[in-house]
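Step one of this worksheet: look at the structure below.
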Amino acid sequence: MKNISSISDILVLEELGHAESSIYPIFFTLLFLYITLLISNFGVLSIIIVEKSLHQPMYLLFCNLSVNDVIGNTILVPHLLFDMVSNNRLISYNNCVTQAFFGHTYGSASHSILIIMAIDRYVAICNPLRYSAIMTAKAVVTLSVSAWAVPAVFVGILVGLSARLSRCRSLIQNFYCDNASLFKLSCEDVTVNNIYGLFYTVVLLSSSMGTIAATYIRIAVTCWTKKNAELNSKAIQTCASHLVLYLITLLTVYILVIMQRFPDNPFLRKFISILFVLVPAHLNPVIYGLHTKHLRLKILQLVGRKITHS
């Protein structure tokens, strides 16, 4: 008997749900946001790479966040824009699995990268004399690889559990591919998928919030006990931007979960979910660039040079 999974290797994505008259305003809004996202993130990456004075663990670890934002949005936005103008909502099953894998890895890596950045700030403020000895080039590479590898392994299992299922449907119940839309293609029992998905979500959020809370409590205690004005100023300058980025990431997760409770307005739910992928990726380089003194000065110097030459 022919395997049901071979019924169709071409899947149909759900429509965004926008009115026909609003297609071009939405298209150009998303295109503008995507282009500015690339410019801002690649701009900060270029400055950090070119300026040797910024070759410090804090900035090198932040590069992971910019790279992750670019990858995560590139997986989603160009395909969505193409579908909007071509009215072609078809995607191959293999491409759908790939999009789901990278999409979930992007979301998970956002948390793991912020975790390693928090560890760096903890060492810098609580163990300043040993900072250079602890945060070596090897340590930075190890933290960076871990921030990508751990989510990739967990997400690989998550998506793999869905990919193993036979398929009896070809309609993706979303405008992009994610793990839930993949296992909904099957008529088999997906209890294992639901249990592992819940387990992974709990592990991701609890480890993320737990690590961030523990490091900031320790930093706050250190600043309080030492009562050093210079140390407090350093903590505020470097930790404020990181904390804002983390709160934006958490807010994004909770807003997306809340929006799932409003099925009666599918377009609003879907459009907000797109914005909550694009907007944080815009804010990350801006917030980190403006609130981190050394990086801010380098950006202003570069802008000043451009204005002077022009």
Side-chain angles (χ1 to χ4, degrees), residues 13 16 18 23-51 54-55 58-86 91 95 98-114 117 144 147-148 151-152 175-178 241-242 244-246 248-249 251-252 255-256 270-292 295-296 298-307 309-310:
L13 293 166
L16 186 59
H18 56 279
I23 181 171
Y24 287 109
I26 295 173
F27 174 84
F28 285 112
T29 298
L30 294 179
L31 179 62
F32 173 76
L33 289 173
Y34 179 64
I35 292 174
T36 54
L37 176 152
L38 295 179
I39 293 172
S40 60
N41 280 280
F42 278 123
V44 170
L45 280 172
S46 300
I47 293 173
I48 293 174
I49 292 170
V50 171
E51 292 291 339
L54 295 177
H55 291 181
M58 179 174 69
Y59 303 112
L60 296 176
L61 292 175
F62 174 74
C63 288
N64 288 289
L65 199 60
S66 286
V67 171
N68 188 52
D69 286 336
V70 170
I71 292 175
N73 281 272
T74 300
I75 286 296
L76 171 64
V77 179
H79 195 283
L80 175 62
L81 294 176
F82 176 77
D83 289 349
M84 289 179 66
V85 296
S86 66
I91 186 171
N95 286 341
T98 302
Q99 188 180 64
F101 172 79
F102 281 104
H104 284 285
T105 301
Y106 157 71
S108 303
S110 298
H111 287 269
S112 59
I113 292 168
L114 288 168
M117 291 171 68
S144 297
W148 290 94
F175 63 97
Y176 64 93
C177 294
D178 59 2
S241 54
H242 175 269
V244 170
L245 296 185
Y246 182 71
I248 290 173
T249 302
L251 178 65
T252 301
I255 291 293
L256 292 177
K270 294 172 184 176
F271 189 68
I272 288 178
S273 69
I274 298 171
L275 292 181
F276 273 90
V277 173
L278 281 165
V279 173
H282 276 85
L283 296 178
N284 288 345
V286 173
I287 292 172
Y288 216 75
L290 293 179
H291 284 266
T292 308
L295 182 56
R296 181 176 70 248
K298 289 298 178 183
I299 293 173
L300 292 175
Q301 286 175 10
L302 182 63
V303 172
R305 270 188 237 143
K306 293 287 185 184
I307 295 175
H309 288 317
S310 61

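The model shown is predicted, which means the values in this text are computed figures rather than measured ones.
At a threshold of 4.5 Å between non-hydrogen side-chain atoms, the residues H79 and N95 do not count as touching. Side-chain contact check for P78 versus F82: every heavy-atom pair is 4.5 Å or farther apart. Side-chain contact between M84 and Y24 is absent, with no heavy atoms from C-beta onward closer than 4.5 Å.
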key: Test side chain to side chain contact (heavy atoms under 4.5 Å, CB included) applied to C63 and Y59, step by step   = CA-CA 6 Å; C63 288; Y59 303 112; 5.9 Å; no
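In the displayed structure, F102 atom CZ is contacted under 6.0 Å by at most 12 heavy atoms of other residues, nucleotides or ligands.
Atom OG1 of T249 is separated from atom CG of L114 by 5.0 Å, given to the nearest 0.5 angstrom. Atoms OH and OG1, on Y34 and T74 in that order, are 3.0 Å from each other to the nearest 0.5 Å. In this structure, the separation between CG on N284 and OG on S110 is 7.5 Å, given to the nearest 0.5 Å. In this structure, OH on Y176 lies 8.5 Å from CD on Q99, to the nearest 0.5 angstrom. Put simply, CG on L283 and CD1 on I248 are 4.5 Å apart, with the number rounded to the nearest 0.5 Å. Between the CG atom in L76 and the CG atom in L30 there is a gap of 9.0 Å [rounded to 0.5 Å].
The side chain to side chain donor-acceptor pair (under 3.5 Å) check on S108 picks up Y200, with sequence neighbours excluded. For T98, there are no side chain to side chain donor-acceptor pair (under 3.5 Å) partners, not counting sequence neighbours. Scored by the side-chain contact (heavy atoms from CB on, under 4.5 Å) test, I49 finds no partners at all (sequence neighbours excluded). By the side chain to side chain donor-acceptor pair (under 3.5 Å) test, H282 pairs with T36, sequence neighbours left out. In this structure, the side-chain contact (heavy atoms from CB on, under 4.5 Å) partners of L31, at least two apart in sequence or on a different chain, are F27, F28, I35, L81. Residues meeting the side chain to side chain donor-acceptor pair (under 3.5 Å) test with N64, sequence neighbours left out: S144, W148. Applying the side-chain contact (heavy atoms from CB on, under 4.5 Å) criterion to L60, with sequence neighbours excluded, gives I48, V140. Checked against side-chain contact (heavy atoms from CB on, under 4.5 Å), P25 has no partners two or more places apart in sequence or in another chain.
Summarising the geometry of P151 relative to T105, their closest heavy-atom pair is CB-O, 4.5 Å, with the distance given to 0.1 Å. Residues F175 and L13 come closest through the heavy atom pair O-CD1, 3.9 Å. Looking at every heavy atom in both residues, S40 comes nearest to P285 through OG-CG, 3.7 Å.
Results of the side-chain contact (heavy atoms from CB on, under 4.5 Å) test with N73 over I274, L37, N68, L38 single out L37 as the only residue that passes.
Remark: side-chain polar atoms of H104 are not paired, donor with acceptor, to backbone N or O of D178 under 3.5 angstrom.
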